[in-house]
*Asks:* 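Once you've had a glance at the structure underneath, I'll fire off some questions.
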Protein chains: 2
Amino acid sequence: MDKTQHTELKILEAARLVFHQKGFNGARMQEIADLAGINKALLHYYFRNKESLFEKVFNETFCQMASKMSEIFLSEMTLMSKIGIFVNFYLNFISRHSYVVQFIINALHDKPEQLREVILKQNLVPELLLEQIRKQLKEEMGLDIDPLHVYVNILGLVVFPVLAKPLIQSMFKVSDERMETFFEQRKKIVPTFIENALKGYEKDKSLV
Amino acid sequence: MDKTQHTELKILEAARLVFHQKGFNGARMQEIADLAGINKALLHYYFRNKESLFEKVFNETFCQMASKMSEIFLSEMTLMSKIGIFVNFYLNFISRHSYVVQFIINALHDKPEQLREVILKQNLVPELLLEQIRKQLKEEMGLDIDPLHVYVNILGLVVFPVLAKPLIQSMFKVSDERMETFFEQRKKIVPTFIENALKGYEKDKSLV
DNA sequence: TATGAGTTTAACCGAATGGTCAAAATTACG
DNA sequence: CGTAATTTTGACCATTCGGTTAAACTCATA
């Protein structure tokens, strides 16, 4: 059937918008129904309840993020190229989907378990990603650093400014326009920052 | 009267706990009342409504964070010493108050305006902080980098891992104990990472 | 001890919200 | 076309939740 798929898609799209912006607690089933242009009862006809609808949206969103991350970091390039591409891609992606990261972090904060089943169901193997980074750190830069720290550093430099955007803006009176150039600048600054940092480790390898 | 202050403090303490962990939407006035060991009506006797109670908690929490940041970065030390101390202090503080950052970010996401009045009321001048960093970058390291980028980088490296703790743990199957040593390691890794990165810029000052 | 302001409580209210149900509309199909 | 299955709707329900009210209790003080 075509029509039922169409409504289901419309519901999911509406749910995505509302859940991303307001989170589980802030979202209203009525608002999702309205946005999808349907009756609230129909919402429950397609998705048993709020939880299951939220779960669908969460899985979908998380997979989208995670698969792109894997794709980049498991590809055939130098580590520094990957980092450059990653930073660039995510700063673009996130500015168009600014709620996504906060959505994921909040969802996981409330229900940390829900991630493992997604990972299993989607055959994601995050450990491979770390192993790949470790290998490239060693082979390309002669570094014996814990890849998790490096990975978390990269994510932090990219993701945090997006999360903290409202904080930064109202704290330092940054206009929307200047904020946009700020993010644009980071596409260059962050990769250089990371490269400098990693190259600095080569000289003294003492620290873990 | 002593008794009234006592109840007010008990309320604020309870409200802090609940709001920090569950946010505005997730928090229930009843739960706060229970935790404070009082009647729900008494809650509204001391604080007009949920919003005003939340605002109190938010202001208090934010000021606590911000004032310590200012204190460190406006003190008389080299920039690198400040960074070391900052990283150390916040990794300790945050691990004991793990919800605080997420609480602030979420609150600001929902109501970005509420920050400015806090800043004004508390006489915080965030611009001074940036100016100080700019000056020290220039004088101590010969760098002409936008201090906002540097500041955001520092925050990102410290704060993001805390926000993403549940993500990291379930994604890479990290045990609670290993997570604790992970944060402990960062007290050394992050300052070195930043120092390396900044020193790397000295060689080619081309980038913004 | 009587008074009155300040404090605390139990009971209650109205609106919002997630969810249900039975009937109506639409579609699939023999 | 007729009938059964699927899809959609409006009305409705139970519960939760923020907030109110009026009465009761506490306690300082005159």
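Heavy atoms only: backbone and side chains are in, while hydrogens, waters and symmetry mates are out. Protein chains get the first letters and strands the later ones, always in sequence-line order, with residue 1 at the start of each.
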*Asks:* Distance criterion of 3.5 Å, no angle test: do you see the side chain of B:Lys50 paired donor-to-acceptor with the base of D:dG19?
*Replies:* no

*Asks:* Are any of A:Tyr46's side-chain N or O atoms less than 4.0 Å away from OP1 or OP2 of D:dT8?
*Replies:* yes

*Asks:* Take atom CG of A:Leu42 and atom C1' of D:dT6, then tell me their distance rounded to the nearest Å.
*Replies:* 11 Å

*Asks:* May I ask you to check whether over 12 heavy atoms, not counting those of B:Lys187, lie within 6.0 Å of atom NZ?
*Replies:* yes

*Asks:* Answer yes or no: does a side-chain N or O of B:Thr7 lie under 4.0 Å from OP1 or OP2 of C:dT7?
*Replies:* no

*Asks:* Rounded to the Å, how far apart are B:Leu43 CG and C:dT9 P?
*Replies:* 12 Å

*Asks:* Look at all strands and tell whether B:Ala33 reaches a base, only sugar-phosphate, or nothing, counting heavy atoms closer than 4.0 Å.
*Replies:* nothing

*Asks:* Which value, rounded to the nearest 0.5 Å, describes the distance between B:Arg48 atom CZ and B:Leu53 atom CG?
*Replies:* 12.0 Å

*Asks:* Rounded to whole angstrom units, what separation is found between the CE atom of B:Met29 and the P atom of D:dG19?
*Replies:* 6 Å

*Asks:* Rounded to whole angstrom units, what separation is found between the CD atom of B:Gln30 and the C1' atom of D:dT16?
*Replies:* 11 Å

*Asks:* Under a plain distance cut-off of 3.5 Å, with no hydrogens placed, do A:Ser70 and A:Ser67 share a side-chain donor-acceptor pair?
*Replies:* no

*Asks:* Verify whether one side chain among B:Arg186 and A:Asn153 offers a donor that lies under 3.5 Å from an acceptor in the other.
*Replies:* yes

